[in-house]
Engineer: 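What follows is a single structure, and I will ask about it in a moment.
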Amino acid sequence: MTAVTGAALAAALVVGCGGSGGPDGAGSGPAASGTGSAVSASAAAATRDGDNGVGQLPADQVLQQAVQALKGAGAVRTVGAVSSQGARIDLDLRLDTAGHCTGTLGQSGVGSFQVVEAGPDLWVKPDQEFWRTHGGEALSQLVGDRYLKTTSDNPDFAEIGELCDLTGLADQLGTGKTGLAKGAPTTVQGRPALTLTADSGTGTGTLYVATTGSPVPLKLERDSGTVEFSDFGTPVPSATPGPEQSLDLDQLQSPGPSASVV
């Protein structure tokens, strides 16, 4: 029997996400831990550190400070939602610069799956709604309550890898922008912030940058959706599914083309 391929999983839930996202809760897999508050304890403490000076800088320098602050945090939680080709993609991910990532990705009416990444290894665990809409009962029973294991360089899962790459995410925030301008001061997640607006070539976007403590990005709004950043520096759990909790995607493949269940 051919089981589900990476393309079936990735295309159903992740196509078009690349760069922003968000949802209803963090994943509950082995590498997921805690729900996390919208404002972490460290972020709340940072609001007491006083003005960080970015309000007096030109817009391009503010953006670069935000990019470096995000990388310097080492770890972050991203929560939000983005529309792609008429579909809303939700995500809640914790990721760091050391290659760890955990959380959930989902699409209403299609299903969701838990994600665990550790270096080159990637595990995904679809929920029952996904199996009903794509895999079918036979495949659901075959996989059971296990993760499907693949690698982050699998092209079918490339967009998951991009969403889980904190360094790449920070670089995306800092490149390809035109018409960058500073806006009025505001408050995001209880922290004073300033706004940066720009055209990324695919639409306008607004980045909210903290003006106290570390000048981290607190929220990104785009025409396609919104993502918030929080829990800066909070370690991403490093536990991964064991052999008894996972099934290698290669083991689900069969040379018989007629055996496909998707």
Side-chain angles (χ1 to χ4, degrees), residues 1-33 35 77-95 101-118 121-164 224-225 227 237 239-254 257 259-262:
M1 163 194 303
T2 293
V4 73
T5 64
L9 288 168
L13 296 179
V14 192
V15 169
C17 265
S20 60
D24 306 327
S28 56
S33 123
T35 57
R77 182 184 183 185
T78 58
V79 180
V82 61
S83 296
S84 174
Q85 301 178 356
R88 171 189 166 107
I89 306 295
D90 294 324
L91 73 81
D92 188 341
L93 296 172
R94 296 175 181 272
L95 52 153
C101 180
T102 180
T104 59
L105 294 167
Q107 180 181 329
S108 178
V110 173
S112 64
F113 58 80
Q114 297 172 24
V115 176
V116 177
E117 184 177 70
D121 295 320
L122 175 67
W123 294 261
V124 294
K125 184 179 182 180
D127 64 6
Q128 289 304 307
E129 183 179 15
F130 179 88
W131 290 132
R132 286 194 300 270
T133 57
H134 283 79
E137 184 63 26
L139 185 55
S140 176
Q141 290 185 6
L142 174 66
V143 177
D145 189 34
R146 289 183 289 183
Y147 287 80
L148 298 174
K149 182 181 180 182
T150 183
T151 60
S152 55
D153 59 2
N154 182 333
D156 290 327
F157 291 85
E159 293 190 64
I160 296 179
E162 291 175 3
L163 291 172
C164 281
S224 57
V227 60
T240 59
E244 73 286 351
Q245 297 174 288
S246 60
L247 187 63
D248 197 303
L249 271 175
D250 290 341
Q251 298 178 20
L252 299 180
Q253 296 176 350
S254 166
S260 176
V261 296
V262 294

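This one's a predicted model, so the numbers in the text were calculated from it and none came from an experiment. Residues: numbered from 1 along the sequence shown.
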Engineer: Taking the side chain as every heavy atom from C-beta outward, state whether Leu122 and Lys149 have any pair of such atoms under 4.5 Å apart.
Structural biologist: no
Engineer: Output the distance between atom OG1 (Thr133) and atom CD (Gln128), rounded to the nearest 0.5 Å.
Structural biologist: 10.5 Å
Engineer: What's the spacing between Leu142 CG and Leu247 CG if we round to 0.5 Å?
Structural biologist: 6.0 Å
Engineer: Walk me through whether Asp127 and Ser112 qualify under side-chain hydrogen bond (donor to acceptor under 3.5 Å, both in side chains).
Structural biologist: CA-CA 6 Å; Asp127 64 6; Ser112 64; 2.9 Å; yes
Engineer: Do Ser246 and Leu148 make a side-chain contact, defined as non-hydrogen atoms from C-beta onward lying under 4.5 Å apart?
Structural biologist: no
Engineer: Look up atom CD in Glu117 and atom CH2 in Trp123, then write down how far apart they are to the nearest 0.5 Å.
Structural biologist: 9.0 Å
Engineer: Is the shortest heavy-atom distance from the side chain of Trp131 to the side chain of Val143 under 4.5 Å?
Structural biologist: yes
Engineer: In Å and rounded to the nearest 0.5 Å, what is the NZ to OG1 distance from Lys125 to Thr104?
Structural biologist: 13.0 Å
Engineer: Could you grab the distance from atom CG of Leu163 to atom SG of Cys101, nearest 0.5 Å is fine?
Structural biologist: 8.0 Å
Engineer: For Ala118 and Thr240, work out which heavy atoms get closest and say how close.
Structural biologist: CB-CG2, 3.7 Å
Engineer: Answer whether the closest heavy-atom distance between the side chains of Ser108 and Arg88 falls below 4.5 Å.
Structural biologist: no
Engineer: Looking at Val124, Val115, Val116, which one forms a side-chain contact (heavy atoms from CB on, under 4.5 Å) with Tyr147?
Structural biologist: Val116
Engineer: I want to check something: taking the side chain as every heavy atom from C-beta on, are Leu249 and Phe157 in contact at a cut-off of under 4.5 Å?
Structural biologist: yes
Engineer: Are side-chain heavy atoms of Leu105 and Ile160 found at a separation under 4.5 Å?
Structural biologist: yes
Engineer: Should we count CG of Asp145 as having more than 12 external heavy atoms under 6.0 Å?
Structural biologist: no
